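Everything below concerns the one structure shown next.
Proteins come first, then strands; the chains are lettered A, B, ... in the order of their sequence lines, and each starts at number 1. Only a predicted model underlies this, so the values are computations on that prediction, with no experimental measurement involved.
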Number of protein chains: 2
Amino acid sequence: MALLDEQPGGNLEMERTAGVALWRQIAERLRTDIRNGTWKEGGKLPTEQVLSARFGVNRHTIRRAISELSAQGLLSSRQGRGTFVENAPSPLTYPIGPRTRFSEIISRQSREPGGRLIGSGREAAQPWLVEKLRLSLGQEAVHRLEVLHVADGIAVSLSTNWFPAHRFPDLVSRYAETGSITKALAAHGVADYIRKKTEISARLAEPEESRWLQLAEGAPVLVTDLVNVDEAGTPVQVSRTRFAADRIQLTVEN
Amino acid sequence: MALLDEQPGGNLEMERTAGVALWRQIAERLRTDIRNGTWKEGGKLPTEQVLSARFGVNRHTIRRAISELSAQGLLSSRQGRGTFVENAPSPLTYPIGPRTRFSEIISRQSREPGGRLIGSGREAAQPWLVEKLRLSLGQEAVHRLEVLHVADGIAVSLSTNWFPAHRFPDLVSRYAETGSITKALAAHGVADYIRKKTEISARLAEPEESRWLQLAEGAPVLVTDLVNVDEAGTPVQVSRTRFAADRIQLTVEN
DNA sequence: TCTAGTTGTCTAGATTAGTAGATAAATTAG
DNA sequence: CTAATTTATCTACTAATCTAGACAACTAGA
């Protein structure tokens with residue numbers, strides 16, 4: 001058996017009774033094929049009959065997968081002609097480096113960046129947060145800031161940010177005024193900060209994340225956990241960001 | 001509405017008719033909770049009744065999710081007592097840097113690394129590969145090497161590697177002899193190489209990937225695309241690696 | 001214009017997923 | 001020992017998913 005057969009004539013077996021509907025498995029597969037440029041923009045997909053034979057499923061199942069991607073604007077079908085790749089928007093690339101700033105990155109790719117404060121609060125830090133922010137005893141209060149990032153009006157990521165409350169007492173209102181974490185930190189005397197460490201993982205989107213990011217349930221998200229430190233090396237911010245995996249790609253330059 | 005409510009008493013809404021079965025959504029949710037240490041190792045999960053109320057589903061649906069995780073050894077239930085977190089193996093961390101070498105990374109974490117050649121071939125490079133490997137006209141042939149990486153006997157990643165065939169004519173046999181890409185390249189005169197750029201994305205595992213990595217269908221994979229270059233800066237290898245997202249975490253140090 | 005090929009729509013039935021409720025079996029606390 | 005709690009099984013039913021087949025509507029090319 002050929003491994004990972006990508007030939008047009010290859011037969012693909014689907015997993016059944018695995019808790020993921022066949023039409024969704026096929027939709028996700030077609031989505032990555034489109035992103036990888038298997039069919040060029042404006043190009044024609046194989047016919048429903050051919051696809052159903054290739055995936056070993058009924059034609060209706062293929063149609064449901066196609067309808068899912070059509071609803072998302074990636075495909076469009078026309079009776080008698082075929083199904084075509086609509087406008088595959090080039091995926092955003094998000095470089096991970098010491099000076100990663102969302103708005104700069106998006107602007108550099110000729111997109112219009114935006115951030116929306118969707119939640120905030122003051123809370124007691126969980127043990128893992130105490131450790132990461134190096135909070136001392138009696139100063140375990142943190143501000144939490146939930147921000148939705150958009151590029152050209154499309155949601156790309158949802159981030160939860162924590163800051164030591166004793167050092168940044170007015171952080172939430174400063175962010176609300178300026179719309180920028182960098183500026184909110186500057187207002188508290190942090191002239192500059194750098195990203196120290198980033199942990200990257202992936203999992204399925206939770207329902208609330210799906211809602212904000214306008215993802216299909218069961219779609220994967222890329223999760224980054226990072227710590228920002230000031231010039232003295234003291235942690236000023238811990239951030240957990242969930243990216244819509246089908247709309248963004250992280251890059252690391254060495 | 002509270003965003004991303006993580007309180008034990010919080011009500012969680014599940015998405016229905018989204019192509020992902022409720023029991024799988026719940027299983028994935030519990031899996032990440034376990035990994036995040038929501039219940040400590042050996043600790044007791046809430047009862048099935050409580051969980052079914054919290055997720056808003058029938059108790060049988062919860063049982064199916066638990067049975068899935070039990071089958072994977074993460075949970076174990078005992079009649080009359082409850083359901084307990086079994087042995088949550090600490091996720092491997094995989095640092096991404098200029099000198100990333102699989103076996104070194106695994107060894108440093110006190111695990112036994114291994115690689116298995118599961119497929120190879122000589123083929124014509126796709127356009128994107130021609131560009132990445134900077135192949136010149138008439139030299140578009142590449143060797144493809146499929147390797148399964150394991151740590152302590154557990155599959156962690158599946159990588160597809162491409163090499164310019166004209167420069168590394170015996171690469172496949174050299175790899176088969178030595179079991180090391182580094183050594184196979186050295187045999188062709190490449191004393192050292194560094195990782196130039198890494199692209200990171202995530203998607204659902206395809207059936208064949210699920211088989212090799214022993215993942216549940218619909219489980220997410222982390223995908224890294226990288227280019228290795230020799231000391232002169234010439235690309236010597238392009239590699240696409242799929243990591244089991246529930247077993248590994250990538251890290252970037254700045 | 002005619003025909004082959006393609007997508008759109010409909011009906012019917014089989015399989016899987018989820019709900020609802022009852023009862024058994026094991027464990028723990030008192 | 002007894003009662004309350006918790007997981008294990010079972011039956012019955014509803015909803016979602018997948019299959020099978022037929023035919024209509026539209027397109028492109030001979």
Side-chain angles (χ1 to χ4, degrees), chain A residues 8 11-30 39 42-71 74-86 204 207 216-218, chain B residues 8 11-30 39 42-71 74-86 204 207 216-218:
Chain A
N11 273 17
L12 303 165
E13 294 167 35
M14 292 284 115
E15 295 281 334
R16 287 153 195 267
T17 76
V20 182
L22 289 176
W23 63 266
R24 172 154 297 284
Q25 295 181 45
I26 291 166
E28 295 298 334
R29 175 66 192 263
L30 292 178
W39 307 287
K44 185 171 174 296
L45 251 65
T47 68
E48 295 175 352
Q49 198 183 20
V50 168
L51 287 174
S52 67
R54 188 176 302 173
F55 285 104
V57 301
N58 191 274
R59 191 180 139 224
H60 291 94
T61 309
I62 294 290
R63 285 180 60 74
R64 184 150 185 191
I66 288 176
S67 119
E68 173 83 1
L69 298 179
S70 298
L74 272 78
L75 293 177
S76 76
S77 301
R78 269 179 292 175
Q79 193 173 149
R81 296 197 59 193
T83 301
F84 301 84
V85 176
E86 200 53 27
L204 300 189
E217 181 66 19
Chain B
N11 274 16
L12 305 166
E13 296 168 33
M14 291 285 115
E15 294 280 335
R16 288 154 195 268
T17 74
V20 183
L22 289 175
W23 63 264
R24 172 152 298 282
Q25 294 180 47
I26 292 166
E28 295 296 334
R29 176 64 190 262
L30 292 178
W39 307 287
K44 184 171 175 296
L45 251 65
T47 68
E48 296 174 353
Q49 198 182 21
V50 169
L51 286 175
S52 66
R54 187 175 303 171
F55 285 104
V57 302
N58 192 274
R59 193 181 137 226
H60 294 293
T61 309
I62 294 290
R63 284 181 59 74
R64 184 148 185 194
I66 289 176
S67 120
E68 171 84 2
L69 297 178
S70 299
L74 273 77
L75 294 176
S76 76
S77 301
R78 268 178 295 175
Q79 192 171 152
R81 296 196 61 193
T83 301
F84 302 83
V85 176
E86 201 53 26
L204 301 188
E217 180 66 18

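For the pair R64(A) CZ and dG8(C) P, the interatomic distance rounds to 16 Å; values are reported in whole Å. The separation between R24(B) atom CZ and dG18(C) atom P is 11 Å, rounded to whole Å. Between the CD1 atom of I62(A) and the C1' atom of dG8(C) there is a distance of 16 Å, given to the nearest Å. L45(A) places its CG atom 13 Å from the P atom of dT6(C), with the value rounded to the nearest Å. What separates CG of L22(B) from P of dA20(C) is a distance of 12 Å, to the nearest Å. Between the CZ atom of R59(B) and the P atom of dT6(D) there is a distance of 11 Å, given to the nearest Å. Rounded to a whole Å, the CD atom of Q25(A) is 14 Å from the C1' atom of dT16(C). In this structure, CZ of R81(B) is placed 16 Å from C1' of dA8(D), rounded to the nearest angstrom.
Between W39(B) and P46(B) there is a side-chain heavy-atom pair separated by less than 4.5 Å. Under the 4.5 Å side-chain criterion, counting only non-hydrogen atoms from C-beta, Q25(B) is in contact with L22(B). Proximity of F84(A) to L75(A): side-chain heavy atoms (C-beta onward) are nowhere separated by under 4.5 Å. You'll find the side chain of S52(A) stays beyond 4.5 Å of the side chain of T61(A), heavy atoms only.
The side chain of H60(B) lies closest to dT9(D), out of dT9(D), dT17(D), dA24(D). Closest to the T47(B) side chain, of the nucleotides dA22(D), dT7(D), dT27(C), is dT7(D). With dC10(D), dT7(C), dT28(C) as the candidates, the nucleotide lying closest to the side chain of E48(A) is dT7(C). Distance from the side chain of Q49(A) is smallest to dT6(C) among dA20(C), dG8(C), dT6(C). For W23(B), the listed nucleotide lying nearest its side chain is dG18(C); candidates were dG18(C), dT27(C), dA22(C). Picking from dT7(D), dT19(C), dA22(D) the nucleotide with the shortest atom distance to the side chain of V57(B) gives dT19(C). Comparing dA28(D), dT7(C), dA8(D) against the side chain of Q79(A) picks out dT7(C) as the nearest. The side chain of S77(A) lies closest to dG8(C) when the candidates are dT19(C), dG8(C), dT17(D).
Considering only side-chain N and O atoms, T83(A) lies under 4.0 angstrom from the phosphate OP1 or OP2 of dT7(C).
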*asked:* As a quick check of understanding, evaluate salt bridge (charged side-chain N to carboxylate O under 4.0 Å, His left out) for E28(B) and R24(B), giving each step before the final call.
replied: CA-CA 6 Å; E28(B) 295 296 334; R24(B) 172 152 298 282; 3.1 Å; yes
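R78(A) comes within contact range of the sugar-phosphate backbone alone, with a heavy-atom separation under 4.0 Å but no base atom that close.
Each of P46(A) and N58(B) was assigned the nucleotide of DNA chain C with the nearest heavy atom; the assignment lying further toward the 5' end belongs to P46(A).
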